[in-house]
Protein chains: 2
Amino acid sequence: MQKNPEQCQVVVALDMIVGKWKPMILLYLMNEGTKRFSELKRLLPDITPRMLTLQLRELEAHDIIERKVYPEVPPRVEYSMTEYGRTLEPILEAMHEWGKAHLEHMKAKHARQSEGVADPSGKSGR
Amino acid sequence: MQKNPEQCQVVVALDMIVGKWKPMILLYLMNEGTKRFSELKRLLPDITPRMLTLQLRELEAHDIIERKVYPEVPPRVEYSMTEYGRTLEPILEAMHEWGKAHLEHMKAKHARQSEGVADPSGKSGR
DNA sequence: CTGTATCCTCGTGGATACTG
DNA sequence: CAGTATCCACGAGGATACAG
């Protein structure tokens, strides 16, 4: 196992998808295919053009997405997953499933607690 | 798909493992089992006690790890994965594998470029 | 040994205006 | 349409000292 977080392989993978908007951008490009700049902007109502550009450029630098410029006027730029980027799909999918289950897990946990049931394990302390 | 990043399921899962030290803590607890505070401190040489406490508490709050206090003197506290926390294992494992492959991918990419080979796809632009 | 308490740095991301 | 340029706010994380 890597002792230095910087070279921990998990962190390497994590770097591809961390960023306030990267998960959503990836989900859209993976599930709905190619999108242009303005489409993404519309899908992410609260993102600023600056942030959209930054996050897209990072993904592009990592070979996760591809940027295609059409030399037209008005300009058109399309973003899409690279074949390599699609190798992230199982991970995103697993996280999506896990996240869904987690919400259930926490709901059940709170329900248990708010019922005022003295939990038999006696670990409620703190 | 969730439009709000805050309720995107991927982000929910991501929250469990983001944090400068969480991935390493999780890997150690998953691969090597129960650890006490001082052991983790020794395994993560650059972490401060404050950060170790914070990250552990977050994981505990999410039901990912369990904190067991032994009322002895000197005090002893042991941390371990919960059964629920272990459901993260496939995700961490997948990310570990992906990260390893990614380092190879990038190495190959740079090798290709520094060879000065005019890439046939003609997409080198920018 | 297992933490807290305080203070501080710095990077991510936001607001706003402007450009080819 | 698809971005840049500038400036700014905030919170995660770090340094250091102290406590039960």
Side-chain angles (χ1 to χ4, degrees), chain A residues 3-6 8 10-11 14-26 28-29 34-62 65-80 123 125-126, chain B residues 3-6 8 10-12 14-26 28-29 34-62 65-80 125-126:
Chain A
K3 266 60 184 173
N4 184 342
E6 302 312 310
C8 166
V10 171
V11 176
L14 222 30
D15 276 344
M16 304 298 120
I17 52 184
V18 285
K20 183 152 179 196
W21 306 96
K22 276 192 214 156
M24 294 305 294
I25 293 173
L26 291 174
Y28 277 122
L29 294 184
T34 300
K35 296 281 175 199
R36 37 195 302 192
F37 190 87
S38 52
E39 289 181 290
L40 289 170
K41 179 89 189 57
R42 212 171 315 115
L43 291 167
L44 281 356
D46 291 341
I47 200 172
T48 62
R50 171 188 140 84
M51 279 316 294
L52 184 50
T53 302
L54 284 178
Q55 305 269 295
L56 288 170
R57 292 288 145 84
E58 281 179 42
L59 291 170
E60 189 193 1
H62 287 133
I65 67 174
E66 187 183 1
R67 178 174 181 263
K68 227 172 182 169
V69 182
Y70 294 84
E72 311 170 352
V73 38
R76 181 160 58 105
V77 178
E78 287 185 349
Y79 294 92
S80 55
K123 292 178 198 158
R126 169 93 62 97
Chain B
K3 267 61 184 171
N4 185 341
E6 303 310 310
C8 165
V10 172
V11 175
V12 171
L14 222 31
D15 276 344
M16 304 297 119
I17 53 184
V18 285
K20 183 152 179 195
W21 306 97
K22 275 192 212 158
M24 293 305 293
I25 293 173
L26 290 174
Y28 276 122
L29 294 184
T34 300
K35 296 282 176 199
R36 36 195 302 193
F37 190 86
S38 53
E39 288 181 290
L40 289 170
K41 179 90 188 56
R42 213 171 314 114
L43 291 168
L44 281 355
D46 292 341
I47 201 174
T48 61
R50 172 187 140 83
M51 279 315 294
L52 184 49
T53 303
L54 284 178
Q55 304 270 294
L56 287 170
R57 292 286 145 86
E58 280 180 41
L59 291 169
E60 189 194 1
H62 288 132
I65 67 173
E66 188 184 0
R67 179 174 180 263
K68 227 172 182 168
V69 183
Y70 295 83
E72 310 170 353
V73 38
R76 181 159 57 106
V77 178
E78 287 185 349
Y79 294 92
S80 56
R126 171 91 62 92

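The sequence lines fix the lettering, A, B, ..., with proteins before strands; numbering per chain opens at 1.
- Across all strands shown, Tyr79(B) has heavy atoms under 4.0 Å from sugar-phosphate atoms exclusively, and none from any base.
- No side-chain heavy atom of Ile25(A) sits less than 4.5 Å from a side-chain heavy atom of Leu43(A).
- Listed pair Arg42(A) / dC1(D) fails the phosphate criterion, with no side-chain N or O lying under 4.0 Å from OP1 or OP2.
- Counting to the nearest Å, the P atom of dA5(D) and the CG atom of Leu52(A) are 16 Å from each other.
- Between Arg57(A) and the phosphate of dG3(D), there is a side-chain N or O to OP1/OP2 separation shorter than 4.0 Å.
- Across every non-hydrogen atom of Pro49(B) and Lys41(B), the tightest pair is CD-CE, 4.0 Å.
- Using a 4.0 Å cut-off between a side-chain N of Lys or Arg and a carboxylate O of Asp or Glu, Glu78(A) and Arg76(A) qualify as a salt bridge.
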Using a cut-off of under 3.5 Å, enumerate the N/O to N/O pairs linking the protein to nucleotides 11-13 of chain D.
unit_1, atom_1, unit_2, atom_2, d
dG13(D), OP1, Lys20(B), N, 3.1
dG13(D), N7, Arg50(B), NH2, 3.0

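- Residue-to-nucleotide proximity on DNA chain C shows that, of Pro75(A) and Val69(B), the 5′-proximal contact is made by Val69(B).
- Smallest separation of non-hydrogen atoms from Gln55(A) and Trp21(A): OE1-N, 3.2 Å.
- Listed nucleotides: dC1(D), dG3(D), dA15(D). Nearest to the side chain of Pro74(A): dC1(D).
- The side chain of Ser38(A) places an N or O atom within less than 4.0 Å of a non-bridging phosphate oxygen (OP1 or OP2) of dA2(D).
- Per the geometry, NZ belonging to Lys41(A) stands 11 Å off P belonging to dC1(D), to the nearest Å.
- The side-chain heavy atoms of Thr53(A) and Phe37(A), taken from C-beta on, include a pair separated by under 4.5 Å.
- Boundaries of the chain A contact region on DNA chain C are dG13(C) to dG20(C), first to last in 5' to 3' order (nucleotide atom under 4.0 Å from a heavy atom).
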